[in-house]
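Encoded as structure tokens, the structure appears first; notes follow it.
Since the model is a prediction, treat every value here as computed from it, not as a measurement.
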Amino acid sequence: MAPAELRIRDARPEDLAEITRLEAICFPSPWPRQFFESELVAPGRFSRVVDSGDALVGYLFAMIVFDELHVNKLGVSPLHRRNGIGTHLMEDALRRAAESNVKTVWLELRASNLEGRAFYERLEFSHEYTRPNYYTNGETALIMVRRLGDS
């Protein structure tokens, strides 16, 4: 769980500058601001941030389609990693999934992201399959899934 002084809330348009800044720090091929802008208003999406009061320290962007939830983005400031923020965001998403009768939660991550893979495995995700050449640099993506309830 995130420390008490941190608060999880819905992302807002005024958060986009900080989200984009964090994205550039967290990912080798960051999403442009326009992608996040569209996620805030697209149907079936939900976007959450962790606010320290002084700055945003994490974010999660996801979508629900039928009985699936897809985690599009999860980022945590390098200065705040290993403090439960990513887990807090994922638990929040899993609660939303359960409330929406979601059967499976999907995500992808770079095959080279061993720390990320271990994180998701601790959250009971398993490697379902791979997508070669998924990322712009040609890197393979690992597609991971967590089945919920009676799926």
- Query: Are any of the side-chain heavy atoms of Ile8 and His88 separated by less than 4.5 Å?
  - Reply: yes
- For Ala11 against Val49, the heavy-atom pair lying closest together: CB-CG1, 3.8 Å
- Query: Would you say the side chain of Ile85 lies within less than 4.5 Å of the side chain of Leu6, judging by non-hydrogen atoms?
  - Reply: yes
- Query: Do Thr87 and Leu123 come close enough that some side-chain heavy atom pair is under 4.5 Å?
  - Reply: yes
- Message: For Lys103, is there an ion pair with Glu68 - N to carboxylate O distance below 4.0 angstrom?
- Response: no
- Message: Is the shortest side-chain heavy-atom distance between Phe119 and Met90 below 4.5 Å?
- Response: yes
- Message: Would you say that His70 contacts Val65 through its side chain, given a criterion of any heavy-atom pair below 4.5 Å between the two side chains?
- Response: no
- Using the six-membered ring wherever Trp is involved, compare the ring planes of Trp106 and Tyr129 and label them parallel, tilted or perpendicular (cut-offs 30° and 60°). tilted
- From the list Arg48, Arg33, Arg45, salt bridge (charged side-chain N to carboxylate O under 4.0 Å, His left out) partner of Glu39 resolves to Arg45
- Query: Are Phe61 and Ile19 side-chain neighbours, meaning at least one heavy-atom pair lies under 4.5 Å?
  - Reply: yes
- Task: Mind checking the CG-CG spacing from Leu69 to Asn101? Nearest 0.5 Å is all I need.
- Result: 12.5 Å
- Do the ring planes of Phe36 and Tyr59 sit parallel (below 30°), tilted (30 to 60°) or perpendicular (above 60°)? perpendicular
- Please examine the side chains of Leu142 and Phe125, heavy atoms only from C-beta on, and report whether any two atoms are closer than 4.5 Å. no
- Ion pair Asp51/Arg12, N-O distance below 4.0 Å: no
- Sidechain-backbone polar pair: Arg96 side chain, Leu94 backbone, donor-acceptor under 3.5 Å: no
- Item | Distance, nearest 0.5 Å, that separates OG of Ser100 from CD1 of Ile64 | 3.5 Å
- Message: Would you say that Val71 contacts Val105 through its side chain, given a criterion of any heavy-atom pair below 4.5 Å between the two side chains?
- Response: yes
- For Leu22 and Gly58 the tightest heavy-atom approach is CD1-N, 3.9 Å
- Query: Which heavy atom of His80 sits nearest a heavy atom of Asn83, and at what distance?
  - Reply: O-ND2, 3.3 Å
